[in-house]
Visitor: 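Okay, handing you the structure first.
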2 protein chains.
Amino acid sequence: MHSSALYEQFAERGLRRTPQRLAVWRAFAEKPGRTIRQVAGDLAEEGIGQATVYRAVRALEGAGLLLGYASPRGEVRYVAVLGHAHVLVCRRCGEVTSLQECQIEDYERRLQSKTGYQISGHTLAIYGICPRCLQEEGL
Amino acid sequence: MHSSALYEQFAERGLRRTPQRLAVWRAFAEKPGRTIRQVAGDLAEEGIGQATVYRAVRALEGAGLLLGYASPRGEVRYVAVLGHAHVLVCRRCGEVTSLQECQIEDYERRLQSKTGYQISGHTLAIYGICPRCLQEEGL
DNA sequence: CGTATAAGTGATAAGATTTATCAGGTATGC
DNA sequence: GCATACCTGATAAATCTTATCACTTATACG
């Protein structure tokens, strides 16, 4: 899954490309919207230590390869991204969709000149109920 | 601080207006961008139990009176809001500014028709370095 | 290639955070 | 006022996260 772009990101950030970090990134790519602990549980079966998963998430998040967002339950959940992305989250089933479209840059520019902040990024999570849950609940 | 609007929100959501919940909301209003545990620590000195703070945050968040966002450190931090708001966060000192302006509604409408989601809200956190930190670091 | 070395890993334990429980208190509607 | 459903505080239990340290490995360089 776009391994070359992924590898470039590792190199650019001075991150070593270890099998564990790749596994962590892939875990969030396959099932987006999970918590660190959930992924740590799964990867433990592959012999990857939980401390390693926590460390890998910090490193990948810092490199912009994972995106964290606050779930309505007050947890931080992550999505694997390559470059910039936002998430669309179902409040019922927790399904997560990555969105590549972004129109916030304009807003950021205006905000930068208005507030004097040197702006360096943002996270956007949009919540709703997915079509399947709507149907199941007859809404 | 807009107590009437706050009280209306409580009533609309069927939340009881207890001194503890008001204290929790005010704590986040006075110092935005803190974690639950930080506020629980402070309010413990006023005799408010930590479990109560955790419960109050869930209730207030559900009522749309607190906004949670994922900090770059992987924690969930909260801002007191009345109605809709976003946050501007300094990556250095953690200073948080609430932003009332929002242009995401249009985007949400298009997304709703495109994905079939029944969209019901979003969180936007914009990160950067505040003017004071920029100056202190000579950037 | 080999080797040096800085960085990363796994296991474990320690620490910190969050939730469950339950007896008692209190805001709300009548 | 009174009843009642909801909320609170204290405590304990359960979870989650980080620190430590000996060992391993990815990268750079000759």
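Every chain is numbered from 1 and lettered A, B, ... according to where its sequence line falls, protein lines coming before strand lines.
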Visitor: Decide whether A/H122 and A/H86 meet the rule of one side-chain donor and one side-chain acceptor closer than 3.5 Å.
Guide: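 Side-chain D/A pair, A/H122 to A/H86: present.
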Visitor: Could you tell me the separation between the CD atom of A/E75 and the P atom of D/dT15, rounded to a whole number of Å?
Guide: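 Those two atoms, CD and P, are 14 Å apart.
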Visitor: Whole Å only: how far is the CD atom of B/E46 from the C1' atom of D/dG9?
Guide: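 The answer, rounded to whole Å, is 15 Å.
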Visitor: OP1 or OP2 of D/dT18 sitting under 4.0 Å from any side-chain N/O of A/Y54?
Guide: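 The answer is no; no side-chain N or O of A/Y54 sits under 4.0 Å from OP1 or OP2.
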Visitor: Toward the 5' end of DNA chain C, which comes first, B/T18 or B/I36, by nearest nucleotide?
Guide: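 Looking at the nearest nucleotide for each, B/I36 comes out on the 5' side.
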Visitor: Whole angstrom is fine here: how far is it from CD in B/Q38 over to P in C/dT18?
Guide: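 Nearest whole value for this atom pair: 10 Å.
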Visitor: Please compare A/P19 and A/A51 by the position of their nearest nucleotide in DNA chain D and report the one closer to 5'.
Guide: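 First, find each residue's nearest nucleotide; the 5'-ward one identifies A/A51.
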Visitor: Separation of A/L22 atom CG from D/dA26 atom C1', in whole Å?
Guide: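 Value for this atom pair: 12 Å.
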Visitor: Map B/V53 and B/G74 onto DNA chain D by nearest heavy atom, then report which one ends up closer to the 5' terminus.
Guide: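 On the 5' side of the pair lies B/V53.
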Visitor: When the distance from CD1 of A/I48 to C1' of C/dG8 is rounded to whole Å, what number comes out?
Guide: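 About 13 Å, once rounded to whole Å.
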Visitor: OP1, OP2 of D/dC7 versus side-chain N and O of B/R21: anything below 4.0 Å?
Guide: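 Looking at the OP1 and OP2 atoms of D/dC7, one of them is under 4.0 Å from a side-chain N or O of B/R21.
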Visitor: Could you check which of C/dA6, D/dA10, D/dT18 has an atom nearest any side-chain atom of B/R73?
Guide: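 That would be D/dT18.
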Visitor: Could you tell me whether B/R77 and B/E75 make a salt bridge, using a distance below 4.0 angstrom between a side-chain N and a carboxylate O?
Guide: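 Result for this pair is yes, salt bridge flagged.
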Visitor: At under 4.0 Å, does any side-chain N or O of B/R37 touch on OP1 or OP2 of C/dT17?
Guide: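 Answer yes for this pair, as a side-chain N or O of B/R37 is under 4.0 Å from OP1 or OP2.
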Visitor: Which nucleotide sits closest to the side chain of A/T52: C/dT9, C/dG25, D/dA10?
Guide: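 Nearest listed nucleotide: C/dT9.
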Visitor: B/R17 has an atom CZ; how far is it from atom C1' of C/dG29, in whole Å?
Guide: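 The answer, rounded to whole Å, is 14 Å.
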Visitor: Using OP1 and OP2 only, check whether a side-chain N or O of B/Q20 sits under 4.0 Å from D/dG9.
Guide: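 It does, given that an N or O in the side chain of B/Q20 lies less than 4.0 Å from OP1 or OP2 of D/dG9.
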Visitor: Which heavy-atom pair separates B/Y107 from A/L124 by the least distance, and what is that distance?
Guide: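 The answer is CE2-CD2, 4.3 Å.
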Visitor: Do A/L88 and B/T115 have side chains that approach each other closer than 4.5 Å (heavy atoms only, starting at C-beta)?
Guide: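 A/L88 reaches B/T115 side chain to side chain.
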Visitor: Whole angstroms only, please: what is the CG-P distance between B/L60 and D/dC7?
Guide: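 The distance from CG of B/L60 to P of D/dC7 comes to 11 Å, rounded to the nearest Å.
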Visitor: Please compare B/R58 and B/R16 by the position of their nearest nucleotide in DNA chain C and report the one closer to 5'.
Guide: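 Checking each residue's closest nucleotide, the 5'-ward one belongs to B/R58.
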Visitor: A/Q50 CD to D/dA19 P: how many Å, rounded?
Guide: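 Value for this atom pair: 14 Å.
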Visitor: Looking at every non-hydrogen atom in both residues, tell me the closest pair between B/V76 and A/A70 and how far apart they are.
Guide: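 Scanning both residues, the minimum pair turns out to be CG1-CB, 4.0 Å.
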Visitor: On a plain distance test, is the side chain of A/R55 in donor-acceptor contact with the base of C/dG10 below 3.5 Å?
Guide: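 By the distance-only test, yes, there is a pair.
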